[in-house]
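Just so we're on the same page: letters track the sequence lines, and every chain starts at 1. All figures in this text were calculated on a predicted structure; none of them were measured in a lab.
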There are 2 protein chains.
Amino acid sequence: MRRLTRQRKAVLEVVREAKNHPDAAWIYQEVRKRIPRISLGTVYRNLEALVEEGYLIPITRAGEATRYDANTHPHLHLVCEGCGALVDLEVELPDLLAPARLAHPGVEVRSVEVTYRGLCPECRRALKG
Amino acid sequence: MRRLTRQRKAVLEVVREAKNHPDAAWIYQEVRKRIPRISLGTVYRNLEALVEEGYLIPITRAGEATRYDANTHPHLHLVCEGCGALVDLEVELPDLLAPARLAHPGVEVRSVEVTYRGLCPECRRALKG
DNA sequence: GTGAATGCAAAAGCTTTGCAACCTA
DNA sequence: TAGGTTGCAAAGCTTTTGCATTCAC
């Protein structure tokens, strides 16, 4: 059975309180303020468990450490090509699963992950005036 | 100026001939059949260059090596939760960029990447009969 | 000829793992 | 008390980098 330890609780809290999709190193640094003797390995093990349990969503990008998102209600991500920031976009979506389901009857589609690339408002202003 | 070396040509050819989105290690192994003294570092440097030039698309997934896709016309990816395979889905898409553009006037959206998760036909049959 | 690209090897991340001690249920 | 979890440290993997040499243009 899975146990609710101080460490697991702290890791989840830190990610929930974070604003910008932190990675394991940042989470480790923050959690150490509460539990100074926690190890990086424990952070990784708990992040993995929390992802499995559905509390966190992992976000991977080429050449970067995995980031974690505690925002569980449906939303999209924008990767800014100017500053590299990962921004949440709250958007009403059409049913994105439908096209794949209709076109591929043999396939079972369970979820979809959508990532936009472009410019965040700040970078757009800086680059285009 | 960028130079067209035997190594760069071979890397691109290997990825184009590959069927299932190979990673750097696999590409290295294949290219060595043609250029035995090529180094893994050169493979990485050329993959990076080919991505920059738009010949290849990098695909990243949590806990896995980056894979490369030479299929440049628009398509989606399905990650099979059964066997882990990364499958191309050829699907007619609605305009996925429109919702984000309408909802976020300050943002400039340039491209979108869509990844489905679910079961490929083989795994679906195996699991559900 | 010139400087981009290569091969080699070392190093730099990020992440995982083995193990004894510890703690939650 | 049982076994999931932790801290620590070492190892594993993928990817990057420094440098002398080579090669494309």
Side-chain angles (χ1 to χ4, degrees), chain A residues 1-15 18 20-70 79 84 86, chain B residues 1-15 18 20-70 79 84 86:
Chain A
M1 213 198 69
R2 202 146 253 174
R3 291 175 187 174
L4 184 55
T5 60
R6 296 161 56 227
Q7 288 87 344
R8 179 157 310 161
K9 234 191 287 190
V11 167
L12 180 54
E13 281 172 13
V14 162
V15 180
N20 286 56
H21 313 295
D23 61 15
W26 189 94
I27 296 164
Y28 173 53
Q29 182 189 329
E30 284 303 306
V31 175
R32 266 211 296 191
K33 294 177 184 170
R34 309 181 189 187
I35 307 177
R37 298 191 60 75
I38 196 172
S39 74
L40 185 55
T42 295
V43 170
Y44 273 105
R45 279 184 288 233
N46 278 310
L47 287 171
E48 187 188 354
L50 290 165
V51 167
E52 262 178 30
E53 297 167 37
Y55 292 112
L56 298 178
I57 297 167
I59 307 165
T60 58
R61 210 156 45 108
E64 289 196 7
T66 300
R67 302 178 182 201
Y68 296 86
D69 191 345
V79 174
L86 181 61
Chain B
M1 214 197 69
R2 202 147 251 174
R3 292 176 185 173
L4 185 56
T5 60
R6 296 162 53 226
Q7 288 86 345
R8 180 157 309 161
K9 233 190 288 189
V11 168
L12 180 55
E13 281 171 13
V14 162
V15 181
N20 285 55
H21 312 296
D23 62 15
W26 189 93
I27 296 164
Y28 174 52
Q29 181 189 329
E30 284 302 305
V31 175
R32 265 211 295 191
K33 293 178 185 170
R34 307 180 191 188
I35 307 175
R37 298 189 61 76
I38 197 173
S39 74
L40 184 55
T42 294
V43 170
Y44 272 104
R45 278 184 288 233
N46 278 310
L47 287 171
E48 188 188 353
L50 291 165
V51 167
E52 261 178 31
E53 296 167 37
Y55 292 112
L56 297 180
I57 297 167
I59 307 165
T60 57
R61 207 151 54 103
E64 288 196 6
T66 301
R67 303 179 182 200
Y68 296 86
D69 191 346
V79 174
L86 180 61

Can you sort out which residues in residues 20-31 of chain B have a heavy atom within less than 4.0 Å of DNA chain C? Ascending by number, please.
none
How many whole angstroms separate atom [atom1] of [X] from atom [atom2] of [N]?
X	N	atom1	atom2	value
B:Arg8	D:dC23	CZ	P	16 Å
B:Ile38	D:dC23	CD1	C1'	14 Å
A:Leu4	D:dG3	CG	P	20 Å
A:Glu64	C:dC14	CD	P	10 Å
B:Glu53	C:dA4	CD	C1'	13 Å
A:Lys9	C:dC23	NZ	P	15 Å
B:Arg61	C:dT15	CZ	C1'	16 Å
A:Leu47	D:dT6	CG	C1'	15 Å

Can you measure from [atom1] ([X]) to [atom2] ([Y]) and round to the nearest 0.5 angstrom?
X	Y	atom1	atom2	result
A:Glu52	A:Asn46	CD	CG	11.5 Å
A:Ile27	A:Leu56	CD1	CG	7.5 Å
A:Arg6	A:Arg34	CZ	CZ	11.5 Å

I need the minimum non-hydrogen distance between [X] and [Y], along with the two atoms involved.
X	Y	value
B:Val43	B:Ala24	CG1-O, 4.1 Å
A:Leu12	A:Tyr55	CD1-CB, 4.1 Å
A:Asn20	A:Arg67	O-NH1, 4.3 Å
A:Val14	A:Trp26	CG1-CZ3, 3.9 Å
B:Arg2	B:Arg8	CG-NH1, 3.0 Å

Count the heavy atoms belonging to other residues, nucleotides or ligands that lie under 6.0 Å from CZ of B:Arg37, then report whether that count exceeds 12.
no
Are B:Ile57 and B:Tyr68 close enough that some pair of their side-chain heavy atoms sits under 4.5 Å apart?
no
With heavy-atom distances below 4.5 Å as the criterion, would you say the side chains of B:Val11 and B:Leu47 are in contact?
yes
Looking at [X], does any N or O in its side chain come under 4.0 Å of the phosphate oxygens OP1/OP2 on [N]?
X	N	result
B:Thr66	D:dT15	yes
B:Gln7	D:dA24	no
B:Arg3	D:dC23	no

Quick one: on DNA chain D, does B:Thr5 or B:Ala65 contact a more 5' nucleotide (nearest heavy atom)?
B:Ala65
On DNA chain D, compare the nucleotides closest to B:Tyr68 and B:Met1; which residue's is nearer the 5' end?
B:Tyr68
Considering only D:dG7, C:dG7, C:dT6, which nucleotide approaches the side chain of B:Asn46 most closely?
C:dT6
Atom pairs under 3.5 Å: protein N/O with N/O of nucleotides 16-20 of chain D:
residue: D:dG18; atom: O6; partner: B:Arg45; partner atom: NH1; Å: 3.4

Bend angle of the helix from C:dG1-D:dC25 to C:dA25-D:dT1, from helix axes over five pairs at each end, nearest 10°:
50°
Start at the 5' end of DNA chain C and walk down; is the nucleotide closest to B:Arg37 or to B:Arg2 reached first?
B:Arg2
Going by an N to O cut-off under 4.0 Å, is there a salt bridge joining B:Glu48 and B:Arg45?
no
